[in-house]
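What follows is a single structure, written as structure tokens, with notes after it.
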Amino acid sequence: MIAGLNVITDNLDYLLWGRAATGEPGGVLLSLMMAAGAAVIALPGGILLACLAWRFTGLVRKVLFLWAELIRGIPLIFVIFWMWYLLPLITGGDLPGALTVTLALAWFTAATVMHSVLAGLSALPTGQYEAALSQGFSTQQTLLHVLLPQALRNILPSLVGIFISLLKDTSLAFIVNVPELTTVAGQVNNRVQIYPAAIFIFTGVVYYLLCCSLEQLAKRWRLTRPAL
């Protein structure tokens, strides 16, 4: 047991930061960077798509739903593979592996965010939309200043669940050898060839603590926000 803990302590810096000192972040740091980067793209992207689907109920909504169902119906690991091989063809050059995975995660997550936000908008009473119009608001102003803030607050638990899944999904980056937490844990295990249970239990505990921390931060933020 002590020897297993020693494996963790001896490699703790590598598991947490990778080679960040030499400009190559990895481990927990890279997992958080990819999750944060994907969230920054997916959240506003998904909200924008949801607003378009809410505003235009005809062909635009059907096309967006078709895109979202296509993305959500495909395993994320295939989306990562597609991005890995297609982006160099599109851009004409190789992209960093972490950036490729971040874009794949953002693309995949934006579809889920779109559905969640649109459900929140659809759940609001129609009287609020009509009342805002009667007060002189335009449709866009009503959506941005009346409906969307309420919808986002109401679906906060759903969004937290989406971004917890996003954080855990960064572990799939190991398939293209991006040195996030799961990848570096495997590298440490392959190097020492002993105590795999200690290494991967530590990895699981780290993911658990990160996800719980995100959930608690969201709960605290919601409690401190004034009711709409």
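- To the nearest 0.5 Å, the span separating CG on L64 from SG on C51 amounts to 11.0 Å.
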Next item on the list: Would you check, one step at a time, whether the test side-chain contact (heavy atoms from CB on, under 4.5 Å) holds for Q187 with N177?
Entry: CA-CA 10 Å; Q187 292 172 351; N177 205 35; 4.2 Å; yes

Notebook entry, point to check: Can you list the steps and then say if L152 with V117 is a side-chain contact (heavy atoms from CB on, under 4.5 Å)?
Noted result: CA-CA 7 Å; L152 291 176; V117 174; 4.2 Å; yes

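- Residues W107 and W67 meet the side-chain proximity criterion, which asks for heavy atoms closer than 4.5 Å.
- Residues satisfying the side chain to side chain donor-acceptor pair (under 3.5 Å) criterion with S165, sequence neighbours excluded, are absent altogether.
- Evaluated for a side-chain contact (heavy atoms from CB on, under 4.5 Å) with F108, the options L166, L76, L103, I74 yield exactly one hit, L76.
- The side chain to side chain donor-acceptor pair (under 3.5 Å) search around T112 returns none, not counting sequence neighbours.
- Within the 4.5 Å cutoff, side-chain heavy atoms of F65 are placed close to those of L118.
- A donor-acceptor contact closer than 3.5 angstrom links the side chains of T183 and E180.
- Panel note: side chain Q141, backbone S138; a donor-acceptor pair is recorded below 3.5 Å.
- In this structure, D169 and T109 have side chains that are not in contact, with every pair of non-hydrogen atoms separated by 4.5 Å or more.
- Under a 3.5 Å cut-off, the side chain of N189 and the backbone N or O of A185 do not form any donor-acceptor pair.
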Next item on the list: Mind running side-chain contact (heavy atoms from CB on, under 4.5 Å) on I199 and V192 for me, showing each step along the way?
Entry: CA-CA 10 Å; I199 295 170; V192 300; 4.0 Å; yes

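- Side-chain atoms of T100 come within 3.5 Å of backbone atoms of P96 as a donor-acceptor pair (strictly under, hydrogens ignored).
- When the side chains of ILVMFWY residues are joined at heavy-atom separations under 4.5 Å, either directly or via intervening members, L172 and L86 end up in a single hydrophobic cluster.
- S134 places a side-chain N or O within donor-acceptor distance of the main-chain N or O of A131, the cut-off being under 3.5 Å.
- A donor-acceptor pair under 3.5 Å is absent between the side-chain atoms of E215 and the main chain of C211, judged by distance alone.
- Clustering ILVMFWY residues whenever any of their side-chain heavy atoms sit less than 4.5 angstrom apart, transitively, puts W82 in the very cluster that holds V178.
- One hydrophobic cluster holds both L167 and V206 under the rule that ILVMFWY side chains link at heavy-atom gaps under 4.5 Å.
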Check: Yes or no on side-chain contact (heavy atoms from CB on, under 4.5 Å) for V101 and T170, after CA distance, side-chain angles and deciding distance?
Finding: CA-CA 8 Å; V101 174; T170 59; over 6 Å; no

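- Note on F202: it does not cluster hydrophobically with V205, by side-chain heavy-atom contacts below 4.5 Å among ILVMFWY residues.
- Under the 4.5 Å side-chain heavy-atom criterion for Ile, Leu, Val, Met, Phe, Trp and Tyr, L124 and W54 are members of the same hydrophobic cluster.
- For the side-chain contact (heavy atoms from CB on, under 4.5 Å) criterion with R55, the lone passing option out of T139, V60, L121 is T139.
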